Amino acid sequence: MSVVTIERKVLEKNDELARQNRELFNKHGIFVINLVSSPGAGKTSLLEKTLEYLNDKIKVSVIEGDVQTDLDAQRVAKFGVPVVQIVTNGGCHLEARLVQDALAKMDLKGIDLLVIENVGNLVCPAGYDLGEAMKVVIASTTEGDDKPLKYPAMFRNASVLIMNKIDLVPYVNCRLSELKRNALQINPKLIDFETSCTTGFGIKEWSDWLITQSGAAKK
Ligand code: MG
Ligand code: ZN
């Protein structure tokens, strides 16, 4: 029983810090997304394609969460955007406190969009608010079409679903319509995009949506 209590206290503390982060983002008019998926679904690749498209259209900053290494941060930094790396040293999710530490190293003035790339994990990141405006969950076609049914909390707490690697549909056991149907069954409000980082399909549509959201966050 005490385990449950400790867990609740940890989450309450996290929610308070997330609230502080959100207040800061609102103050600066920054649109913030928390990018989540299982490992290998393509978070960093999608981010690279997105940054390439957004280029000088809006000002983007990135917080990279990884269990080890700053390899992803190095990939992102090539696009000339400010990036802060969080290494969790084995931790399987980001917490609001870690994001707060990262924010202390950033200049938030003039930023339109902040992308927080979470640790690859579809379980606990669902329960940790970081202060973001929206969680964006990536489900890739190589993972099959039943991920939403197996990890419902993540799909319930997300606002956006990106179905990635759609170029591989002919070769993998995934029906896109079924993947989307399963996700919408868990969360009918999900906004959905289909993308391929190999062919570039859907990158413009997704990135233009980010520009629109970033504009709306200024008001
Ligand atoms: Mg990554
Ligand atoms: Zn975790």
Side-chain angles (χ1 to χ4, degrees), residues 3-18 21 32-54 60-102 113-132 134-143 147 150-158 160-165 168 193 195-198 202-203 206-207 210:
V3 175
V4 174
T5 310
I6 289 165
E7 169 103 324
R8 207 190 66 210
K9 277 192 176 152
V10 167
L11 285 175
E12 275 173 5
K13 177 72 182 156
N14 184 76
D15 282 348
E16 167 55 22
L17 295 176
N21 290 347
V32 183
I33 61 169
N34 179 358
L35 199 54
V36 292
S37 77
S38 48
K43 289 186 298 304
T44 312
S45 296
L46 182 80
L47 188 49
E48 286 178 313
K49 290 290 167 192
T50 305
L51 291 172
E52 192 180 14
Y53 177 85
L54 291 176
V60 188
S61 287
V62 175
I63 295 176
E64 270 293 331
D66 281 288
V67 174
Q68 276 308 334
T69 79
D70 63 353
L71 294 173
D72 285 355
Q74 288 178 32
R75 284 170 63 182
V76 167
K78 288 200 178 108
F79 293 86
V81 299
V83 49
V84 174
Q85 175 77 53
I86 299 173
V87 175
T88 63
N89 277 314
C92 51
H93 58 267
L94 291 182
E95 296 180 17
R97 175 183 54 84
L98 295 170
V99 170
Q100 206 159 64
D101 292 347
L113 169 69
L114 173 65
V115 179
I116 305 172
E117 183 182 329
N118 215 313
V119 176
N121 175 359
L122 279 179
V123 187
C124 29
Y128 284 85
D129 184 7
L130 305 178
E132 72 275 1
M134 298 183 187
K135 282 186 176 69
V136 175
V137 61
I138 303 180
S140 68
T141 58
T142 51
E143 302 171 84
K147 274 276 150 78
K150 289 181 171 172
Y151 301 95
M154 185 57 90
F155 289 81
R156 198 174 300 122
N157 292 351
V160 180
L161 164 69
I162 296 181
M163 291 169 278
N164 193 29
K165 307 191 189 181
L168 297 180
F193 294 94
T195 57
S196 163
C197 296
T198 307
I203 299 297
W206 150 247
S207 303
L210 284 174

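Since we're looking at a predicted model, the values are computed, not measured. Both counts, for ligands and for their atoms, begin at 1 and track the order of listing. The figures that follow rest on heavy atoms only: side chains count, while hydrogens, waters and symmetry mates do not.
- In this structure the side chain of K43 never reaches within 4.5 angstrom of the side chain of D72, judged on heavy atoms.
- For residues 66-91, no residue pair satisfies the ring-ring contact (aromatic ring centres under 6.0 Å, His included) rule, not counting sequence neighbours.
- In this structure, T50 OG1 and L210 CG are separated by 6.5 Å, a value rounded to the nearest 0.5 Å.
- Put simply, CG on L114 and CD on E132 are 10.5 Å apart, with the number rounded to the nearest 0.5 Å.
- For the Mg ion (ligand 1), protein N/O/S neighbours under 2.8 Å (waters excluded) are T44 OG1, D72 OD2, E117 OE2.
- For the Zn ion (ligand 2), the count of nearby protein N, O or S atoms, meaning those under 2.8 Å away, is 3.
- Between E52 and K49, at least one side-chain nitrogen of the basic residue sits less than 4.0 Å from a carboxylate oxygen of the acidic one, meeting the salt-bridge criterion.
- Note that CD1 of I116 is 7.5 Å distant from CG of N21, once rounded to the nearest 0.5 Å.
- From R97, atom CZ reaches atom CG of L17 across 8.5 Å, with rounding to the nearest 0.5 Å.
- Aromatic ring pairs are classed by plane angle as parallel below 30°, tilted from 30° to 60° and perpendicular above 60°; the pair F193 and W206 is perpendicular.
- Here L98 pairs with I86, T88, L94 under the side chain to side chain contact (heavy atoms under 4.5 Å, CB included) rule; sequence neighbours left out.
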